[in-house]
There are 2 protein chains.
Amino acid sequence: MAYGTLPNADRLKVSALSGPAHFLPSRAHVAGPRLEAADCKTKTSCSACPVASRSLCTPLHADSCSELDEVHGEIELAPGVDLFWEGDELSWLYTILDGLLFSYTLFEDGRRQILQVMLPGDIVGSWLSPGIAHCAVQALTTTRLCILPCRSRVDLVARFPEMAVRYGELLQEQAVRADQRIASLGRHSARQRIAYFLIDLYCRVRERSESALGSSIPMPLTQEHIADLLGLTSVHVCRILGNLRAEGIIRLHGRNLHVLDPDRLVDICDFDCETAAAIRKAVGLDGAVG
Amino acid sequence: MAYGTLPNADRLKVSALSGPAHFLPSRAHVAGPRLEAADCKTKTSCSACPVASRSLCTPLHADSCSELDEVHGEIELAPGVDLFWEGDELSWLYTILDGLLFSYTLFEDGRRQILQVMLPGDIVGSWLSPGIAHCAVQALTTTRLCILPCRSRVDLVARFPEMAVRYGELLQEQAVRADQRIASLGRHSARQRIAYFLIDLYCRVRERSESALGSSIPMPLTQEHIADLLGLTSVHVCRILGNLRAEGIIRLHGRNLHVLDPDRLVDICDFDCETAAAIRKAVGLDGAVG
DNA sequence: CGTAAGGTTGAGTTATATCAAGTGGTGTGG
DNA sequence: CCACACCACTTGATATAACTCAACCTTACG
């Protein structure tokens, strides 16, 4: 029952006491503070939705999206703040409007595994199947989220069956991404995992920005984040990023990643030819190298 | 357009020529022969569905399930046969009625990563979102599958919105399982991965068999399968299974796994207390140890 | 200017992979 | 019924990728 009830959820308040028992002091360095309160003073209208073309509501735009305006809310997370914790009851579907999130789990010994990095347009939480969160979700940057109550589903699916179909599509995309992570973690060397991570993030960020970013993308993950994402240590990540830099494949200044030679990153990953071709195409390497 | 059209798909035939280009000779030892033809001579009626309680159609039983009888088909796979290959067009939703499947991808160098092991009641393929298979799927044992044409979705979702909800639930379950695999691959040692794999399979098989199997379950995976599932080598899997056997935690005779001490398997995994408790409960270890 | 957090580098350790040889079943054809 | 081949599994010796620990550097920031 976290996060109150909707509509009128323009102010969400969560008791700190509802935090899960596993939030032990030893883990404080990885688990962030949980979302306490958030204002919707600047709620974006659906007609101005920045992720209209890839969200759950895509099939509704532009005709009936005004109906959703009455149902949805909006919250903002500061970097390092947890949206929810493992074990929390999930009664919202969150859509990232702007910013980056990641999902993670913690082990008894305090180690962290980052499960996914999520970008604008991605959905988080649950909609068709309310339940208990099997992982925590934390903001990497300042993040704006559209929130849709889980219990709206009966009504919405009945009126807009296309939304159910779209939801299935989005979950399917997530499943594919998860399988790719499994393959990378299971069979890639550290160098391959990092190359894959970089090229994948590069693709996903670029396909979301209409404007040409050049070959540079923002890179808000620390090396420790990358290590926890790829099942490595931050020391080892540092060494390998150093190699890639020395080889002239990437360049890092500040919180920005410059991918100088995406082609070689793809090579490193040892994908089968189709996958490699698909990625090369996504990066814009099909013929004309940028 | 593999697998013909429906209804009347009581005989499915797929040209061997439609095989994906990546099926190179060097991979023949892992990729299996693809499903060529399958007879539906013994199509199971929905009213006798062995997985009625956990399938996509669960919300329809028992009232309107007879309507589905007209739409669905049934096929059987022999062990080692591929249901489809990476790159295939997916136009069916498969529900496992009986047997075991696994999904996998192959790398350029011929190595294999098994993504998931799927049990009766699990769904494979696509329904709400037709598309291209991102992985191959192979039968581990003789497997019976219920098949539902992807293009039935428009009709079915409109008439039975609960099916869309159920589909979302099933995809959500798969997503949770994928995330657990990511966490295991990323942060578990070989011993922990194997312990987790064993206890997880043990739980899932037992929760599907009403009858008491004792503490023994069928174990159709070879050590090489397990290695490819957990990102290890079969040699290392062999050694660790040897340890677990020597420690009296498991026993293996033939193709059967005896879990003598599930509690210690759970301990090895280093789960957080809630997860551990949930698994202990699922195994029947909450208090009364069997 | 001091502190903290993230990043870098080196030396030594360990877990897992690799290579190689050998065992034990099981099915098959003679 | 036996000989053979094949496959999964076992075991040992060695190599190596990645981890651990520790020191130090750099940058951002109050």
Side-chain angles (χ1 to χ4, degrees), chain A residues 28-30 32 78-80 107 109-114 140-141 184-198 218-247 250-257 268 270, chain B residues 28-30 32 78-80 107 109-114 140-141 184-195 197 218-247 250-257 268 270:
Chain A
H29 68 289
V30 270
F107 288 78
D109 60 7
R111 291 192 306 167
R112 174 177 70 177
Q113 175 66 42
I114 294 184
L140 214 42
T141 63
S184 185
L185 289 171
R187 288 294 179 214
H188 273 165
S189 67
R191 183 178 160 93
Q192 289 177 314
R193 285 182 224 183
I194 290 176
Y196 177 53
F197 158 70
L198 291 174
M219 179 59 183
L221 290 89
T222 65
Q223 293 184 355
E224 193 174 353
H225 284 128
I226 298 174
D228 287 348
L229 184 71
L230 304 180
L232 302 168
T233 57
S234 58
V235 174
H236 203 201
V237 169
C238 176
R239 283 190 232 271
I240 290 169
L241 285 176
N243 295 344
L244 295 176
R245 223 182 307 135
E247 294 169 55
I250 60 169
R251 192 183 303 150
L252 289 159
H253 19 39
R255 288 258 162 277
N256 270 72
L257 166 74
I268 292 171
D270 187 48
Chain B
H29 69 290
V30 270
F107 289 78
D109 60 7
R111 292 191 306 168
R112 174 177 71 176
Q113 176 66 43
I114 295 184
L140 213 41
T141 64
S184 184
L185 288 171
R187 287 294 179 213
H188 272 166
S189 68
R191 183 177 160 92
Q192 289 177 314
R193 284 183 225 183
I194 289 176
F197 159 70
M219 179 60 183
L221 290 90
T222 65
Q223 294 183 356
E224 194 174 352
H225 283 128
I226 299 173
D228 287 348
L229 184 71
L230 303 181
L232 302 167
T233 58
S234 58
V235 176
H236 203 200
V237 168
C238 176
R239 283 191 232 271
I240 288 168
L241 285 176
N243 295 345
L244 294 175
R245 224 181 308 135
E247 293 169 57
I250 60 169
R251 193 184 302 153
L252 289 158
H253 20 37
R255 287 259 163 279
N256 270 71
L257 167 73
I268 292 171
D270 188 46

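Hydrogens, waters and symmetry mates play no part in the numbers below; they use all other heavy atoms, side chains included. In the text below, chain A, chain B and the rest are named by the order of the sequence lines, each starting its count at 1.
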Output the rounded distance in Å from [atom1] ([X]) to [atom2] ([N]).
X         : N       : atom1 : atom2 : result
Leu140(A) : dG6(C)  : CG    : C1'   : 14 Å
Leu232(B) : dT18(C) : CG    : P     : 11 Å
Arg255(B) : dC9(D)  : CZ    : C1'   : 10 Å

Below 4.0 Å: OP1/OP2 of dT8(C) and any side-chain N or O of Arg245(A): yes
Short side-chain N/O contact from Gln223(A) to OP1 or OP2 of dA5(C), under 4.0 Å: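 Checking dA5(C) against Gln223(A), no side-chain N or O comes under 4.0 Å of OP1 or OP2.
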Closest approach to the side chain of [X], judged atom by atom: which nucleotide of [options] is it?
X         : options                   : value
Thr233(B) : dC19(D), dT18(C), dG7(C)  : dT18(C)
Ser189(B) : dA22(D), dA8(D), dT16(C)  : dT16(C)
Val235(A) : dC9(D), dG6(C), dT9(C)    : dT9(C)
Arg239(B) : dT16(C), dT11(D), dA18(D) : dT11(D)
Cys238(A) : dT8(C), dA18(D), dT18(C)  : dT8(C)

Side chain Arg112(A), main chain Leu229(A), donor-acceptor under 3.5 Å: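 Looks like no, no N/O pair under 3.5 Å.
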Arg255(A) side chain vs Pro218(A) backbone, donor-acceptor pair below 3.5 Å: no
Sugar-phosphate, base or nothing in reach of Gly254(B), heavy atoms under 4.0 Å: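 Answer is nothing: Gly254(B) stays at 4.0 Å or more from every strand.
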Contact check, side chains of Ile194(A) and His188(A), non-hydrogen atoms, under 4.5 Å: no
Leu244(B) side, atom CG; Ile250(B) side, atom CD1 - distance, nearest 0.5 Å: 5.0 Å
